[in-house]
Amino acid sequence: MELFGTSKINQKNHLEIGGCDTVELANQYGTPLFVYDVALIKAKARGFKKTFEDLDMKHRVVYASKAFTSLALYKLLAAEGLAFDVVSGGELHAALKAGVSPEMIEFHGNNKSAEELAMAVNVGIGTIVVDNFYEIELLKSILKETGKQQKILLRVSPGVDAHTHSYILTGQEDSKFGFDVKSGQAEQALQLVLADQGFDVIGIHCHIGSQIFGTEGFEAATEKMMAILLDWQSRFNFVASVLNLGGGFGVKYSDEDTPLEAPEYVKQIATMVKVSSQAAAYPLPEVWIEPGRSIVAEAGTTLYTVGSRKSVPNVRNFVSVDGGMGDNIRPALYDATYSAVVANRMTAPAEEVVTVTGKYCESGDKLITDIQLPILAATDILAIVTTGAYGYSMASVYNKNPRPAVVFVENGESQLVLRRETYDDLINLDVIN
Ligand SMILES: Cc1ncc(COP(=O)(O)O)c(C=O)c1O
């Protein structure tokens, strides 16, 4: 199994990340514990930026904070020059608290409330990605009331639907996000926002899916988006200064996954934008991308302590750990697969097939189904890798299990960035006691 970034086997035969022995981290901070490899996060962020810089193209790398947020991460990525995509008043609040410049934030979402939109306008958010007709009306009246002008992107669904291994050219119309192009809704929206002084329409946006491996879907989307821009230039005299092509770049969860290095996707699509703009004498727009998973997934590892086991002869071996669907809902939610290592016995031979389950009261609370591992015993530290995206950010307190702590590791130092929830935290919202 592949280890990412600074992860390696140390002299004690333990998993080491960022120069820190993960067994010691488990002792110090307890388990379950999310461990983030800071050097790898920085390398991913820099890889995206460098790709654009090498192409000498104006760009924005907008981190999709839904993948994982903490004030420390906002600060870290802001220092790397990234912008941020937020999808709620809560994410916006957190980004601002971390000191992110409002100008570097874009607001996404298919049902932003009037309160959220007013908050965004009032703090001077950089861009609002307008998603639907209802939002146009809400925003219009907020802008009228405040007398402000707001930079916006129009989110369109270009009719490209990318899946992990393939893409299709139809089907995306059946999406709750964005203005449909085929039915004419997108151009109707454009006309509405161009007609209102409150909107400064800087460009268009699409996002075709997540955990995408090939470049075909991105290429098809880029081609369609450029065609839309050329069409809108000739028919509505609209020239975009920004083309936002969303996120979705794939990562490696297990050996079956074969993503490209993320900047490779970007190189392809940015080059396409450059070439087709030149060919049509269209002013080269800034290209924005919104990677989430590909910045943080491989940098994150979850440490669990092994507890009980149950072997059903000729059926299955269950091994339970001290976390589960509360800190990683992805296997239960969409059959996501993961790889794992035994952090305290890294080179032990894999001798049995087990299903790693959590401690939650759901039969579907499985983290990994049928994985070949060394024979696990209670107190072993199991490290599930590539858990940095959509794990903690989707965490729940189901069964009143506190959410885990999160540490950043770099150069042999560990830093607690999110403390473990306490039992008292779990009853803090109760108003009757
Ligand atoms: C609009 C938008 N941008 C970016 C992303 C990030 O996608 P990923 O984490 O796959 O890069 C998402 C994910 O759902 C999204 O909806």
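We use all heavy atoms of the structure for the numbers below, so side chains are in, but hydrogens, waters and symmetry mates are not.
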For atom [atom1] of [X], is the number of surrounding heavy atoms from other residues, nucleotides or ligands below 6.0 Å larger than 12?
X	atom1	answer
Lys58	NZ	no
Glu351	CD	yes
Lys359	NZ	no
Glu413	CD	no
Glu261	CD	no
Phe133	CZ	yes
Gln191	CD	yes

* Asked: Does Glu24 pair with Lys12 as a salt bridge, N-O distance under 4.0 Å?
  -> yes

* Salt-bridge contact Arg309-Glu352 (side-chain N to carboxylate O under 4.0 Å) -> yes

* Run the salt bridge (Lys or Arg N to Asp or Glu O under 4.0 Å) check on Lys42 and Glu410 step by step: do they pass? -> CA-CA 11 Å; Lys42 287 180 184 167; Glu410 189 179 25; 2.8 Å; yes

* Can you list every pair that meets salt bridge (Lys or Arg N to Asp or Glu O under 4.0 Å) and has a residue in residues 110-134, with sequence neighbours left out? -> Lys112-Glu135

* To do: Tell me, please, which residues at least two apart from Thr127 pass side chain to side chain contact (heavy atoms under 4.5 Å, CB included).
  => Glu106, Leu153, Ile202, Trp288

* Contacts of type side chain to side chain contact (heavy atoms under 4.5 Å, CB included), residue Leu426, not counting sequence neighbours -> Val397, Lys400, Pro402, Glu421, Tyr423

Is it true that [Y] and [X] share a donor-acceptor pair across their side chains at a distance under 3.5 Å?
X	Y	answer
Arg419	Tyr29	no
His14	Asp21	yes
Thr357	Ser320	yes
Glu290	Asn244	yes
Tyr36	Ser70	no
Thr31	Asp322	yes
Tyr398	Glu362	yes
Asn317	Ser311	yes
Asn328	Tyr338	yes

Check: [X] side chain, [Y] main-chain N or O, donor-acceptor pair, under 3.5 Å:
X	Y	answer
Asp365	Tyr360	yes
Asn122	Met119	no
Thr6	Gly18	yes
Arg330	Asp335	no
Thr215	Gln268	no
Ser241	Pro285	no
His205	Leu154	no

* Structure fact -> Rounding to 0.5 Å, atoms CZ (Phe107) and CD1 (Ile152) come to a distance of 14.0 Å

Check [X] against [Y] and note the closest heavy-atom contact, atom names and distance.
X	Y	answer
Ala114	Ile142	O-CD1, 3.6 Å
Ala67	Val296	CB-CG2, 4.0 Å
Ala72	Phe408	CB-CE2, 3.8 Å
Leu40	Phe4	CD2-CB, 3.8 Å

Distance-only criterion, 3.5 Å: show the donor-acceptor pairs between side-chain atoms of residues 83-91 and protein atoms not counting sequence neighbours.
residue: Ser88; atom: OG; partner: Gly90; partner atom: N; Å: 3.3
residue: Ser88; atom: OG; partner: Glu91; partner atom: N; Å: 3.0
residue: Glu91; atom: OE1; partner: Val87; partner atom: N; Å: 2.9

* **Evaluation steps, salt bridge (Lys or Arg N to Asp or Glu O under 4.0 Å), between Lys44 and Glu298** => CA-CA 10 Å; Lys44 298 281 181 188; Glu298 291 169 0; 3.0 Å; yes

* Asked: So, do Ile295 and Leu77 sit near enough that their side-chain heavy atoms are less than 4.5 Å apart?
  -> yes

* **Residues which pass ring pair (Phe, Tyr, Trp, His ring centres under 6.0 Å) with Phe52, listed by chain and number, not counting sequence neighbours** => His59

* Asked: Passes salt bridge (Lys or Arg N to Asp or Glu O under 4.0 Å), Lys151 versus Glu103? Steps please.
  -> CA-CA 10 Å; Lys151 281 190 195 148; Glu103 212 288 309; 3.7 Å; yes

* To do: Any chance you could lay out the side-chain contact (heavy atoms from CB on, under 4.5 Å) test for Leu190 and Phe179, step after step, and finish with the verdict?
  => CA-CA 10 Å; Leu190 179 76; Phe179 297 99; over 6 Å; no

* Structure fact -> Hits for side chain to side chain donor-acceptor pair (under 3.5 Å) against Tyr304, two or more places apart or cross-chain, chain-then-number order -> Asp327

